[in-house]
Amino acid sequence: PRTEAAAELRAAAEHDRAQLTTLAHSDVAPSPRRRRHPAIRALRDWRTWYFGLVWALTNVQYYGIMFWLPLLLSHINPNASPPVVALLTAVPYSCASAAMLGNAAHAKRMGGRRLHVAVPLVVGGIALVFTPHVARASAPLALVPLALATAGVWSIYGPFFSWPAAWPGCDGDDAACAVALINSLGN
């Protein structure tokens with residue numbers, strides 16, 4: 001087997017050498033295969049636009065939590081001082097950090113991205129809807145749906161932005177342009 005592989009390599013090298021010699025002695029340059037720029041290919045791909053829409057809708061939830069979380073916590077507990085509100089604000093983000101790592105590791109281990117993006121977003125959206133109802137019943141308990149909502153939104157980063165690299169026919173440049181365009185469309 002080793003001699004066969006060496007013979008194949010020598011034959012391939014001789015074939016390449018013959019082609020290079022022919023090209024060097026011909027007056028016609030080979031025509032390069034024209035491929036569109038990766039940004040153009042990303043713009044023409046429907047998946048880029050679909051993911052841009054998903055990311056835009058996700059950012060509604062993301063920015064809603066990020067901008068309104070301290071205000072929500074101060075309204076849930078009106079007697080809390082600003083340092084206490086700041087500490088309470090850290091709780092959902094701590095849960096989100098753990099969820100990001102767990103969801104990305106699970107997505108990598110299972111090899112799937114679709115459910116690792118959809119399920120956290122749905123759970124986060126439902127938790128965000130139930131937050132005011134839970135807050136009316138118990139102020140401290142309202143932190144649970146807020147933490148779930150925050151964890152749901154933040155935990156999709158790994159699976160979501162690694163998805164374009166797994167698209168069929170998408171090489172490194174295409175994936176980079178697709179991620180950049182998705183992020184631009186979503187923001």
Side-chain angles (χ1 to χ4, degrees), residues 5-69 92-93 95-128 149-187:
E8 287 177 14
L9 284 174
R10 275 190 229 103
E14 289 173 16
H15 179 265
D16 290 345
R17 193 176 306 119
Q19 278 188 328
L20 286 173
T21 305
T22 305
L23 284 174
H25 294 301
S26 75
D27 21 333
V28 179
S31 62
R33 201 177 98 202
R34 285 194 42 99
R35 261 187 97 185
R36 294 188 190 276
H37 192 276
I40 301 297
R41 289 194 302 272
L43 275 169
R44 295 183 67 169
D45 194 344
W46 67 271
R47 296 171 296 194
T48 304
W49 292 95
Y50 178 74
F51 273 64
L53 175 65
V54 169
W55 188 241
L57 294 173
T58 301
N59 278 339
V60 170
Q61 188 177 4
Y62 171 81
Y63 288 125
I65 291 170
M66 189 169 64
F67 292 141
W68 295 102
L69 184 62
Y93 291 117
C95 294
S97 298
M100 284 175 77
L101 294 172
N103 193 35
H106 192 261
K108 184 177 181 181
R109 187 172 56 250
M110 299 305 288
R113 291 179 180 90
R114 184 172 295 168
L115 288 177
H116 290 88
V117 171
V119 171
L121 286 178
V122 170
V123 168
I126 291 170
L128 203 55
T150 307
V153 175
W154 268 263
S155 68
I156 70 161
Y157 275 93
F160 186 80
F161 282 113
S162 66
W163 208 338
W167 290 346
C170 192
D171 62 4
D173 292 341
D174 293 341
C177 286
V179 167
L181 189 58
I182 288 165
N183 200 26
S184 297
L185 291 171
N187 287 325

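The chain is numbered in sequence order, starting from 1. In this text the structure is predicted, and so the values were computed from the model without any measurement.
If you take CG on Leu121 and CD1 on Ile156, they are separated by 4.0 Å, rounding to the nearest 0.5 Å.
The side chain to side chain donor-acceptor pair (under 3.5 Å) search around Ser162 returns Arg113, not counting sequence neighbours. Looking at residues two or more places apart in sequence or on another chain, you find a side chain to side chain contact (heavy atoms under 4.5 Å, CB included) between Arg114 and Trp163. Shown here are the ring pair (Phe, Tyr, Trp, His ring centres under 6.0 Å) partners of Tyr63, two or more places apart in sequence or in another chain: Phe67. Contacts of Cys177 classified as side chain to side chain contact (heavy atoms under 4.5 Å, CB included), with partners at least two apart in sequence or in another chain: Pro38, Ala39, Ala42. Qualifying side chain to side chain contact (heavy atoms under 4.5 Å, CB included) partners for Leu53, counting only residues two or more places apart in sequence or in other chains: Leu57. For the side chain to side chain contact (heavy atoms under 4.5 Å, CB included) test, residues two or more places apart in sequence or in another chain that qualify with Ala96 are Thr150, Trp154.
The two residues Pro159 and Ala107 have their closest heavy-atom pair at CG-CB, 3.9 Å. Here the closest heavy-atom approach between residue Pro120 and residue Ser155 is recorded as CB-OG, 3.3 Å. The two residues Cys95 and Ala151 have their closest heavy-atom pair at O-CB, 4.0 Å.
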Using residues 178-187 as the side-chain source, report each donor-acceptor pair under 3.5 Å to any protein atom, sequence neighbours left out, with the distance given to one decimal.
| unit_1 | atom_1 | unit_2 | atom_2 | d |
| --- | --- | --- | --- | --- |
| Asn183 | OD1 | Trp55 | NE1 | 3.1 |
| Asn183 | OD1 | Asn187 | ND2 | 3.1 |
| Ser184 | OG | Ala180 | O | 2.9 |
| Asn187 | OD1 | Asn59 | ND2 | 2.8 |
| Asn187 | ND2 | Asn183 | O | 3.3 |

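Counting only residues at least two apart or on different chains, the ring pair (Phe, Tyr, Trp, His ring centres under 6.0 Å) pairs with a member in residues 100-122 are His106-His116. Pairs engaging residues 43-64 under the salt bridge (Lys or Arg N to Asp or Glu O under 4.0 Å) rule: Asp45-Arg47 [sequence neighbours left out].
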Exercise. Given the rule in the side chain to side chain contact (heavy atoms under 4.5 Å, CB included) test, do Val153 and Thr58 qualify, once you have shown the distances and angles that lead to the verdict?
Worked result: CA-CA 7 Å; Val153 175; Thr58 301; 4.2 Å; yes
